[in-house]
Amino acid sequence: MAGLSLEHIGKKYPNGYEAVKDFNLEIADKEFIIFVGPSGCGKSTTLRMIAGLEDITSGTLKIGDKVVNDLEPKDRDIAMVFQNYALYPHMTVYDNMAFGLKMRKTPKDEIDKAVREAARILDLDQLLKRKPSQLSGGQRQRVAMGRAIVRNPQVFLMDEPLSNLDAKLRVQMRTEIARLHDRLGATIIYVTHDQTEAMTLGTRIVVMKDGIVQQVDTPTNLYNEPDNLFVAGFIGSPQMNFFDAVVAKEDDKVVLKVGGDTLALPAAKGEALLAGGYEGKTVVAGIRPEDISDEAEDLAKFAGTVIEGEVAVFELLGAGVNLNFDYADTQMTASVAPTTPARVGDTVKFALDPDKIHVFDKTTELAIVH
């Protein structure tokens, strides 16, 4: 296995469109890196440049210690798993998995050993004689992964491998991929637009927007300390709530003024806002749905940050309830206990956990305090 180094990687097409801009990333050996972002952000283009399926316009790509910018895909010692499986319909599962090794003139006994070992890891032992048409979507995707595993590459590249599966299968396959990473100790680069996949699988996540890297961090840090408004809104489901507020000083406290409400901030957050020269300025406040409560205990505990809103939508999710309500000219969501008495049309008091309020600069959209 090997690490990768992407230094100032860029992709510009002949029509002038820049799909990827100044992409920098060091990927350690055996890391599980996720590229995540909305459609058209450049994540798949970056993956294809690593694979050698797209030319690199600028920058240097290394796999291990070797610069591979001009190497053919077959010489890069990588294996790619696509979202559409790309299996040969006329071949059995065994032959699909063995095909790449046969093309490399690998001895038959080595091929057989590699295929059967991959089949064991992926629980495909009983399916080796079947054709792809006789398999479910999840089984086909496992075959596609088996074909990659038998080659024992330095790096696995996976381009939205689960997007064609239904929700239940996606969850199962997510678990299998995580186990696979542990078993193989492989370097995996995985592209997805599904931030749940990103949060559950990656050791580190690269969040992209418009061809530019927004933040590279662990799932926990991305969630708790997003660098900017885009990352804060993209990571998390339901997404973070945002509303405009004016920073003000009242006695010895720093507060956020929202309409007629005054939200008291913890001392450290207040000091940071004052030090940044934000007194009297409009900022964007953010809070995650799970940090908003309608329970009496929290309303008493967080009395300095209580707001009120009319419930517009009630979503029962089994283990919890999402209450969508209108506040400060924006729609907000609170994730509350299923025992909540609130229903559509009710005016409800909500307590915001002041320690979990994020504040962003309205102009630059960069985080000021978390």
Side-chain angles (χ1 to χ4, degrees), residues 199 207 214-215 217-309 320 322-337 340 342 347-370:
M199 292 292 285
V207 183
Q214 302 292 307
Q215 187 171 350
D217 222 322
T218 63
T220 303
N221 286 349
L222 278 180
Y223 195 77
N224 294 326
E225 298 179 7
D227 281 354
N228 57 41
L229 270 175
F230 176 78
V231 176
F234 190 80
I235 298 293
S237 182
Q239 76 162 50
M240 187 183 285
N241 299 294
F242 300 111
F243 53 91
D244 286 355
V246 176
V247 178
K249 199 171 179 191
E250 286 191 352
D251 301 324
D252 59 341
K253 284 188 175 178
V254 176
V255 299
L256 296 176
K257 295 276 193 182
V258 190
D261 292 335
T262 299
L263 308 178
L265 289 174
K269 293 188 182 188
E271 285 165 14
L273 287 169
L274 292 182
Y278 286 98
E279 187 176 356
K281 292 185 178 176
T282 300
V283 293
V284 179
I287 188 158
R288 295 206 177 275
E290 64 268 27
D291 299 322
I292 303 176
S293 171
D294 65 345
E295 293 185 12
E297 185 184 338
D298 291 324
L299 290 166
K301 183 180 176 184
F302 304 132
T305 48
V306 172
I307 63 174
E308 198 171 81
N322 285 340
L323 298 176
N324 296 320
F325 61 97
D326 297 320
Y327 177 72
D329 299 325
T330 185
Q331 288 187 330
M332 298 197 29
T333 303
S335 295
V336 299
T340 180
T347 297
V348 178
K349 281 186 169 16
F350 294 101
L352 313 185
D353 182 342
D355 290 325
K356 300 295 177 67
I357 293 175
H358 305 257
V359 184
F360 302 88
D361 187 294
K362 191 163 173 63
T363 305
T364 66
E365 298 191 351
L366 295 175
I368 308 165
V369 288
H370 295 299

Determine whether the side chains of Asn228 and Gln214 contain a donor N or O and an acceptor N or O closer than 3.5 Å.
yes
Checking Phe230 now: which residues fulfil ring pair (Phe, Tyr, Trp, His ring centres under 6.0 Å) with it, not counting sequence neighbours?
Phe234
Listed partners of Tyr327 passing ring pair (Phe, Tyr, Trp, His ring centres under 6.0 Å), at least two apart:
Phe243
Show me the pairs that pass salt bridge (Lys or Arg N to Asp or Glu O under 4.0 Å) and involve [range], at least two apart or across chains.
range: residues 297-309; answer: Glu308-Lys349
range: residues 222-231; answer: none
range: residues 263-292; answer: Asp291-Lys356

Got a second to check how far [X]'s [atom1] is from [Y]'s [atom2], nearest 0.5 Å?
X: Phe302; Y: Asp355; atom1: CZ; atom2: CG; result: 7.0 Å
X: Asn324; Y: Thr333; atom1: CG; atom2: OG1; result: 4.0 Å
X: His370; Y: Tyr223; atom1: NE2; atom2: OH; result: 13.5 Å

Keeping the roles fixed (side chain from Asp217, backbone from Leu222), state whether a donor-acceptor pair exists under 3.5 Å.
no
Qualifying residue, where the test is side-chain contact (heavy atoms from CB on, under 4.5 Å) with Leu256 and the options are Asp261, Thr262, Val283:
Val283
Return a table of donor-acceptor pairs under 3.5 angstrom between the side chains of residues 244-253 and protein atoms on other chains or two or more places apart.
| from | atom 1 | to | atom 2 | distance (Å) |
| --- | --- | --- | --- | --- |
| Asp244 | OD1 | Lys362 | NZ | 3.4 |
| Asp244 | OD2 | Lys362 | NZ | 3.0 |
| Glu250 | OE2 | Lys257 | NZ | 2.5 |

